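The structure presented is a predicted model; accordingly, all values stated were derived computationally and were not measured.
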Amino acid sequence: MTKSFKALLIFIVISALLVTASVSFKTAQISAQTDAIKYIFENSTKGSAVGTITYSVEDPGNVSVYWMEDDEKLILDDKDFTPITTTTVTDTDEVFTYEFKNAYSAIPEDADAVGLYNGNTLVAEYNIPESKQPDYGDEEYRFALMSDVHFNRYYDDDLNDWSVQAWDEALNFVDDIDVGRDFLTGDLSNQGEESAYEKFNEGAAKYPDVLIYSCMGNHDVSWTGGYAEKIARFKKMINKNKNKDKNVLDIAPNNLDFVYTENKDVFIFFSQQMAVYSPKRKIVLDEQLNWLEKIMNKYANRNVYLFFHTFFADYNGDITTAVGNLKNPGGYTYDLAYSYGADDEKRFRSILNKYNNVTMFNGHSHWAFDQQKYNPKLNIGNIKKDETGAGIVHVPSVSAPRTIERDAKERDENYGVRSEGTIATKFAKGTLYYGTDFKNQKYLAYAIYYRADGKKTNPVPTLKLAREKITKVGKVKKYAKKKYKVKIKYKKIAKASRYQIQYSTSKKFKKKVKSKTTKATSYTIKKLKRKTRYYIRVRAYGYQFGERVNGAWSKTRKVRKK
């Protein structure tokens, strides 16, 4: 063995020992760091954030927990994330926890760890097991969610409308990350003023690459009256392109509610037409619900997003635990919910209970994302306790995300200080929702949720009733002085609710037509006159989606008492 070969061999051995020592040291270091921060997951679902983060530090300071990727703070779209949680530590013997309580809480894309920072120094890191790291599949498209812009409502000390700046900052964020779609749940104005919509449109015109659609909110309708005028103004000034947009497939007869489609998914913009909340007052009209029920059935086999301004009470009628509302320890709650038990609310709720493929977005209460500490369901949940119905997502105000101190009786509007909304990413099997801070151009690490596409069903076929047939016409009989009657029988028609009988002295039923309805398949026509020819016909009818469906009239039969 030559001296040079011996030297090479010694070098290789020493290098191997150094690498082994380095690896051992690094492993020991990570193990030690992991003791400072742990993440205990409550389930084995990939991407689910539900669980508890436990952490402690050796030195006092401002301690924060962040989502991490490759040993760095996570970044998405070149935008930072806020901390998941921040704690000022004075007692280093104390152990702190942060809990993701909502069942839909999600780990953001690409996150592989959570990091513990003391100030700007990374103290410890917990690596998320590969079996728990998110895998949401292929991204299909993205859209922004906003609500309650409220032009003409919030002014600074110099009487500048704060909503102008908030609207611009929010659209700038959306445009900067190339989302291209911004959809709102209403309340663009303070009282449905023309000047408010002008400000809205002027701000939108600066971002021509962003498609913008919205439903109406209670402020747009205005509770001070003049509903028809306010609705007409909204239709004239907002959603002006819907009649020319090739992706708008269904427009309701009121020319206010409509359906936009993207990649086979369905977006329904459904407006309330009243603004007074009372069990005796409807905020949605019967004909609107008829249209909505038809649309829901039509797209029962597709993924559906529904935009409606006002939040519903919880399944048990409690507005304080509803998705979109809360009650703080001081007893404060936002009490303008959709009136539980009102006729239109009951029917609307029954529709939402039926369709698990639907996700409904609401606004109205303005609550900021971090107020979920008072109601874990504040930002996302379901219309039904067993989650078989529609999902619900709450959208905070762009201009005034509200907060309330623990024992306070009054809320803080935060206009000029905060601006929040959501960036949604649609994947092949579900949607990931990122709570967003438009004011500081960041994603909110504690407000990320994922809802898998709900169960789809086949649309119910359009109700069609067979043509009726009169099977027997009895003899005309006298039953009182100058009064005669005749009994007729007709076929039972499948799926019919009732039968309509018409008789007239006019062969074409143009005059003196009398009409009767019954559930029976026979009927006795009374009060006939002698020496008068009567023409009789029958048809079946039923109901579907709140509307009456008629079958065809039978052939006309005639009777006469000579």
S.K.: Side-chain contact test, heavy atoms from C-beta onward, threshold under 4.5 Å: evaluate it for Tyr340 versus Ile319 and give yes or no.
M.R.: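 With C-beta onward as the side chain, the pair stays apart.
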
S.K.: Return the CG to CD distance between Asn152 and Gln191, rounded to the nearest 0.5 Å.
M.R.: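 These two atoms lie 10.0 Å from each other.
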
S.K.: Run the ring-centre check on Tyr66 versus Phe81 and record whether the distance is less than 6.0 Å.
M.R.: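 Judged by ring-centre distance (under 6.0 Å), Tyr66 and Phe81 do not meet the cut-off.
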
S.K.: For Arg406 and Asn328, what are the C-alpha separation, side-chain angles and deciding distance, and is it a side chain to side chain contact (heavy atoms under 4.5 Å, CB included)?
M.R.: CA-CA 6 Å; Arg406 257 192 91 74; Asn328 80 329; 5.8 Å; no

S.K.: What do you reckon, is NZ of Lys240 surrounded by more than 12 foreign heavy atoms closer than 6.0 Å?
M.R.: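 No, the 6.0 Å shell around NZ holds no more than 12 heavy atoms from other groups.
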
S.K.: Quick one: does Ile268's side chain get under 4.5 Å of Phe308's, heavy atoms only?
M.R.: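 Side-chain contact under 4.5 Å: no.
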
S.K.: Would you say NZ of Lys294 has more than 12 non-hydrogen atoms from neighbouring residues, nucleotides or ligands within 6.0 angstrom?
M.R.: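 It does not: Lys294 NZ has 12 such atoms or fewer within range.
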
S.K.: Taking only Lys NZ, Arg NE, NH1 and NH2, and the carboxylate oxygens of Asp or Glu, determine whether Asp250 and Lys298 approach each other closer than 4.0 Å.
M.R.: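 Result for this pair is yes, salt bridge flagged.
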
S.K.: Are any of the side-chain nitrogens in Lys327 or Asp318 under 4.0 Å away from the carboxylate oxygens of its partner?
M.R.: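 Answer for the salt bridge query: no.
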
S.K.: Using ring pair (Phe, Tyr, Trp, His ring centres under 6.0 Å), reason through Phe183 and Tyr260 one step at a time and then give a plain yes or no.
M.R.: CA-CA 11 Å; Phe183 302 140; Tyr260 169 83; 5.7 Å; yes

S.K.: State, to 0.1 Å, how close Val284 and Asp344 come at their nearest heavy-atom pair, and which atoms those are.
M.R.: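 Nearest pair, atom of Val284 first, then Asp344: N-OD2, 3.2 Å.
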
S.K.: Does a salt bridge link Arg402 with Asp148, judged by any charged N lying under 4.0 Å from a carboxylate O?
M.R.: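 Answer for the salt bridge query: no.
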
S.K.: Return yes when atom CG of Asp138 has more than 12 non-hydrogen atoms of other residues, nucleotides or ligands closer than 6.0 Å, and no otherwise.
M.R.: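 Check fails, neighbour count at 12 or below.
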
S.K.: Answer yes when Glu262 and Lys426 have at least one side-chain N-carboxylate O distance shorter than 4.0 Å, and no when they do not.
M.R.: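 Result for this pair is no, no salt bridge flagged.
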
S.K.: Taking side chain to side chain contact (heavy atoms under 4.5 Å, CB included) as the criterion, tell me which of Asp77, Leu76, Ile75 meets it with Lys79.
M.R.: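 So, applying the side chain to side chain contact (heavy atoms under 4.5 Å, CB included) to Lys79 and each of Asp77, Leu76, Ile75, only Asp77 qualifies.
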
S.K.: Parallel under 30°, tilted from 30 to 60°, perpendicular over 60°: which one fits the rings of Tyr39 and Tyr126?
M.R.: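 Tilted: the ring planes of Tyr39 and Tyr126 meet at 30° to 60°.
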
S.K.: Answer yes or no: is there an ion pair linking Asp314 with Lys377, defined by an N-O contact shorter than 4.0 Å?
M.R.: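 Counted as a salt bridge, because a side-chain N and a carboxylate O are separated by less than 4.0 Å.
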
S.K.: What are the two closest heavy atoms between Glu169 and Gln441, and how far apart are they?
M.R.: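 Minimum heavy-atom separation between Glu169 and Gln441: O-NE2, 3.6 Å.
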
S.K.: Can you tell me how the ring of Tyr197 sits relative to the ring of Phe234, calling it parallel under 30°, perpendicular over 60° and tilted otherwise?
M.R.: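 Ring orientation, 0 to 90° scale: perpendicular.
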
